Undergrad: 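The structure is given below, and queries will be raised subsequently.
Residue numbers begin at 1 in each chain, while the letters A, B, ... track the order of the sequences. What's counted below: heavy atoms across the whole structure, side chains too, no hydrogens, waters or symmetry copies. Treat the numbers as computed from the prediction; the structure is a model and nothing was measured.
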Amino acid sequence: MAAVQSDDPGLTPRSTMSWWFRREARIAPYLYISPFFLLFLVFGVFTVAFTAWVSLHDWHIFDTAAGGGTFVGLDNYARLLNDARFWRSATNTFSILLMSTIPQMLLALVLAELLNDRRLRGPHIFRSGLLIPNITSVVAITIVFQSLFGRHYGLINVALDFIGLDMVNWTSSRIGSHFAIATMVNWQWTGYNTLIFLAAMQSIPSDLIEAARVDGAGRIKRWWKITVPLLRPTILFATVLSVIGNFQLFAQPLLFAPGVGSMGGNDQQFLTILLYLYNMAFRQFQFGYASAIAWMLVLLTAVAALMVYAGVGYLNRRENRSALEVERMRERANARQEAGA
Amino acid sequence: MTNVDAVKAQSAAGPTPGNERQAPTFKPNKRRFSWANNWHYLVLTVALFISVFPFYWMFVVGSNTNADVAQVPPRITPGPNFIENATNAMNAVPFLRSLLNTFIVAGTVTVSAVFFGTLAGFAFAKMQFRGNKALMAFVIATMMIPLQQLGLIPLYMLMDRFGWVGQLRAVIVPALVTGFAVFWMRQVIATSVHDELLEAGRVDGCATFGLFRHVVIPSVRSGAAVLGMFTFLFMWNDFLWPLVVLGGNQDAHTIQIALRNMSQTYYADYALVLAGTFMSLIPLIIVFVIFARQMIAGVMEGAVKG
């Protein structure tokens with residue numbers, strides 16, 4: 001009935017129409033947002049809650065059909081705390097995290113500074129060239145880098161040999177494999193971060209940089225003392241994203257060394273937390289224990305992200321002085337301008 | 001030209017290097033090339049080279065024989081064998097089938113996520129209802145939960161219960177609309193749909209869905225296209241969940257699973273593996289070449305909003 005009225009508004013008395021209108025406008029938004037919430041209820045809320053439930057059980061894959069595993073309380077978590085393999089995977093993840101996030105952010109800040117130049121020619125070529133690694137699949141990236149880091153004929157070892165250095169067995173060395181995996185992450189994400197930093201740099205008021213220039217600060221000093229501190233919120237955002245992403249490393253270690261990759265190397269030298277979870281759940285079918293790993297993974301991610309926040313907060317407090325300095329510089333520039341006028 | 005020469009040439013021409021403020025006044029200086037003024041092109045070009053080199057290398061290995069690449073020094077130019085290697089790769093795994101599956105998954109999810117994301121974004125951006133703000137905050141909060149990891153095991157159990165393990169719908173259905181899609185479209189609609197247009201539509205007797213069809217959809221095309229591209233790329237590249245739920249059924253493999261199997265089985269045959277990998281990237285590269293400007297703008301705008 002209501003639909004007929006709305007299709008033919010000219011024939012309906014105005015009061016009825018506006019009643020239908022108001023009614024419809026009140027219900028419609030809930031209808032429009034409901035697909036997301038329905039889907040999230042089933043595939044989000046349920047799964048997260050159920051992970052917690054499963055993690056309290058000794059739950060083999062076959063127990064699912066039988067209606068559930070045996071309740072063991074916090075045993076899975078206790079086992080996790082004493083699981084040397086898990087902690088090895090956690091330190092591996094952390095080591096790769098450091099080797100990828102820090103160089104990536106520094107490099108992206110430098111490249112963004114160089115791209116942030118109105119007179120730069122062909123900016124589109126540089127921007128799209130830097131972004132293209134980011135749209136490439138992790139599987140494809142790992143396959144290519146696995147060949148570049150190959151033991152005998154990999155281009156990197158050939159190059160090392162050519163300049164007279166020793167070849168490195170990238171898959172068997174712990175640090176070497178972390179470096180290789182971090183290189184893949186850096187290759188994929190440096191360009192993306194560069195564009196994010198570039199966007200933030202473009203919104204810095206140019207009078208600040210100009211004031212520093214008038215004060216005689218060179219380009220490097222302007223970049224490090226003014227641009228980078230002003231970009232801190234963006235850097236924080238990018239770093240937190242990078243931390244979260246690094247805790248989800250999976251395809252790189254899985255595919256890095258054919259044959260032994262699924263175990264993260266013979267000696268678990270590049271086993272990551274998520275790969276360990278995957279092995280526990282879908283190779284050994286210990287759903288209960290794997291669920292405990294899932295919660296621990298989330299917990300460690302949150303701790304790491306909070307540490308980044310705390311670190312930046314500390315820097316902010318300590319360098320309130322430098323903000324004052326910037327303000328003083330601005331005042332001096334203004335004074336100079338007024339004097340000139 | 002050495003650095004010193006460059007500086008000499010510079011001072012002869014007038015402005016000192018690094019003092020760009022004066023440069024525009026000296027026209028002749030523009031024509032003369034100097035490293036002191038242009039070293040940043042060198043750095044950027046090296047970065048560009050590193051970004052693009054792995055693609056080139058993929059093609060070099062994929063178009064030579066294994067012997068060519070394994071000699072010392074290896075061949076670093078493309079060879080004549082690409083077609084042969086690519087054919088071998090396509091026969092090694094169900095390559096075309098996987099491509100088709102990936103198209104089905106990524107295509108369906110893209111259309112659905114953009115549609116439902118726009119619908120929900122419209123409600124959040126332009127309609128008044130109880131709990132609008134709180135529910136939106138909830139949507140944003142869901143974006144921060146690493147669902148794919150935290151929910152991996154129950155999600156698998158759920159799909160098992162539904163009988164969907166090994167079927168494409170197990171990958172499609174959970175992704176039909178995401179918090180990111182809702183959030184993105186809300187931002188797009190809030191900035192690009194004008195309230196006056198909505199009012200006018202209202203006066204013309206449009207119900208809310210009519211407004212959605214006739215006012216919202218025409219004005220959000222470019223923002224929706226960017227979301228569509230990101231969604232498509234994400235689904236094309238997604239790996240962990242498809243591997244878990246589709247890995248057991250070869251007919252339902254996505255291209256990433258096929259690549260993984262190829263690289264694990266034929267790992268000694270680099271020419272085959274890299275030719276196959278290169279082919280799997282061709283659709284992505286086409287999408288990227290067409291939409292690069294919009295994607296760059298999307299990444300940069302997203303950063304400012306975030």
Undergrad: So which residue, A:V144, A:I135, A:V158, A:T142, ends up with the most heavy-atom pairs under 4.5 Å with chain B?
TA: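 Option with the top pair count is A:I135.
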Undergrad: Please state whether the side chain, the backbone, both or neither of B:L233 comes within less than 4.5 Å of a heavy atom of chain A.
TA: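 Only the side chain of B:L233 comes within 4.5 Å of chain A.
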Undergrad: Is the backbone of A:A112 close enough, under 3.5 Å, to the side chain of A:N116 for a donor and an acceptor to pair up by distance?
TA: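 Checked: no pair found.
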Undergrad: What part of B:F49 lies closer than 4.5 angstrom to a heavy atom of chain A: side chain, backbone, both or neither?
TA: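 Neither; nothing under 4.5 Å.
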Undergrad: Given a strict heavy-atom distance threshold of 4.5 Å, which part of A:I141 is in contact with chain B: side chain, backbone, both, or neither?
TA: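 Neither; nothing under 4.5 Å.
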Undergrad: Counting only non-hydrogen atoms closer than 4.5 Å, does B:L284 touch chain A with its backbone (N, CA, C, O), its side chain (CB onward), both, or neither?
TA: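 Both parts, backbone and side chain.
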Undergrad: Please classify the contact between B:T265 and chain A as side chain, backbone, both or neither, with a heavy-atom cut-off of under 4.5 Å.
TA: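 Contact with chain A involves no heavy atom of B:T265 at all.
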Undergrad: Which bit of B:F129 comes within less than 4.5 Å of chain A, counting heavy atoms only: side chain, backbone, both or neither?
TA: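 Looking at B:F129, backbone and side chain both touch chain A.
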Undergrad: More than 12 heavy atoms of other residues, nucleotides or ligands under 6.0 Å from OH of B:Y267: is that the case?
TA: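 Counting neighbours around OH of B:Y267, 12 or fewer heavy atoms of other residues, nucleotides or ligands fall under 6.0 Å, so no.
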Undergrad: Please answer whether the main-chain N or O of B:R130 pairs with a side-chain N or O of A:Y30 as donor and acceptor at a distance below 3.5 Å.
TA: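 Here the side-chain-to-backbone pair exists.
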Undergrad: Pick one of side chain, backbone, both or neither for A:L274, based on which atoms fall under 4.5 Å of a heavy atom in chain B.
TA: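 Just the side chain, heavy atoms under 4.5 Å.
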Undergrad: Shorter than 4.5 Å, heavy atoms on both sides: which option in A:Y192, A:F287, A:F50, A:F247 has the most such pairs with chain B?
TA: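 Highest number of heavy-atom pairs under 4.5 Å: A:F287.
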Undergrad: Tell me if a side-chain donor or acceptor on A:D117 pairs with a main-chain N or O of A:R119 at a distance below 3.5 Å.
TA: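 Yes; judged by distance alone, with no hydrogens or angles, the pair exists.
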Undergrad: Which region of B:L158, side chain (C-beta onward) or backbone (N, CA, C, O), has a non-hydrogen atom less than 4.5 Å from a non-hydrogen atom of chain A, or is it both or neither?
TA: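 The side chain, not the backbone.
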Undergrad: With chain A as the partner, which of B:L281, B:V52, B:I76, B:T118 has the greatest number of non-hydrogen pairs under 4.5 Å?
TA: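 Top count of heavy-atom pairs under 4.5 Å with chain A: B:L281.
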Undergrad: Tell me, out of A:V48, A:I143, A:V138, who's got the most heavy-atom pairs with chain B below 4.5 Å.
TA: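 The option with the most such pairs is A:I143.
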Undergrad: Go through the atoms of B:I255 and report whether side chain, backbone, both or neither lie under 4.5 Å from a heavy atom of chain A.
TA: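 Neither the backbone nor the side chain of B:I255 comes within 4.5 Å of chain A.
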Undergrad: Taking side chain as everything from C-beta outward and backbone as N, CA, C, O, which of these in B:L274 sits under 4.5 Å from a heavy atom of chain A? Side chain, backbone, both or neither.
TA: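 Only the side chain of B:L274 comes within 4.5 Å of chain A.
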Undergrad: Strictly distance-based, threshold 3.5 Å: is any side-chain N or O of B:W241 a donor or acceptor partner for the main-chain N or O of B:A170?
TA: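 Yes.
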Undergrad: Quick one: which of B:A47, B:S51, B:A113 has the most heavy-atom pairs under 4.5 Å with chain A, could you say?
TA: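 So the answer, after comparing B:A47, B:S51, B:A113, is B:S51.
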Undergrad: Heavy-atom distances under 4.5 Å only: say whether B:M159 touches chain A with side chain, backbone, both or neither.
TA: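 Just its side chain gets close to chain A.
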Undergrad: By a 4.5 Å heavy-atom criterion (distance strictly below it), what part of B:F53 contacts chain A: side chain, backbone, both, or neither?
TA: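 For B:F53, the side chain is the part near chain A, not the backbone.
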Undergrad: Would you say B:Q256 and A:S137 are linked by a side-chain donor-acceptor pair, where the criterion is simply a distance under 3.5 Å?
TA: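 Result is yes, a qualifying pair exists.
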Undergrad: Among B:T208, B:L135, B:T277, single out the residue with the greatest number of heavy-atom pairs under 4.5 Å to chain A.
TA: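 With the most close heavy-atom pairs to chain A, the winner is B:T208.
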Undergrad: I'd like to verify something: which residue of B:M229, B:M127, B:K126 has the highest number of heavy-atom pairs under 4.5 Å with chain A?
TA: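 Highest number of pairs under 4.5 Å: B:M127.
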Undergrad: Looking at the rings of B:F124 and B:F183, which for Trp means the six-membered one, are their centres under 6.0 Å apart?
TA: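 No: the rings miss the under 6.0 Å criterion.
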Undergrad: Once you round to the nearest 0.5 Å, how far does CG of A:N134 lie from OG1 of A:T194?
TA: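 The CG atom of A:N134 sits 10.5 Å away from the OG1 atom of A:T194.
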Undergrad: Check whether B:F234 gets within reach of chain A through its side chain, its backbone, both or neither, counting any heavy atom under 4.5 Å.
TA: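 Nothing of B:F234, per the 4.5 Å heavy-atom cut-off to chain A.
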Undergrad: Can you say whether B:V173 sits under 4.5 Å from chain A via the side chain, the backbone, both, or neither, judging by heavy atoms?
TA: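 Backbone plus side chain of B:V173, per the 4.5 Å heavy-atom cut-off to chain A.
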Undergrad: With distance as the sole test, does A:N157 use its side chain to make a donor-acceptor pair with the main-chain N or O of A:G150 at under 3.5 Å?
TA: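 Yes; judged by distance alone, with no hydrogens or angles, the pair exists.
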Undergrad: Under 4.5 Å heavy-atom distance to chain A, tell me which part of B:F212 shows up: side chain, backbone, both or neither.
TA: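 The answer is neither part of B:F212.
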Undergrad: Under 3.5 Å, side chain of A:Y32 to main-chain N/O of B:F209, donor-acceptor pair present?
TA: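 Pair found, side chain donor or acceptor close to backbone of B:F209.
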Undergrad: With distance as the sole test, does A:T136 use its side chain to make a donor-acceptor pair with the main-chain N or O of A:P133 at under 3.5 Å?
TA: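 At least one qualifying donor-acceptor pair exists.
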Undergrad: Quick check for you: among B:V244, B:T45, B:L44, which has the greatest number of heavy-atom pairs under 4.5 Å with chain A?
TA: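 Of the candidates given, the most pairs with chain A belong to B:L44.
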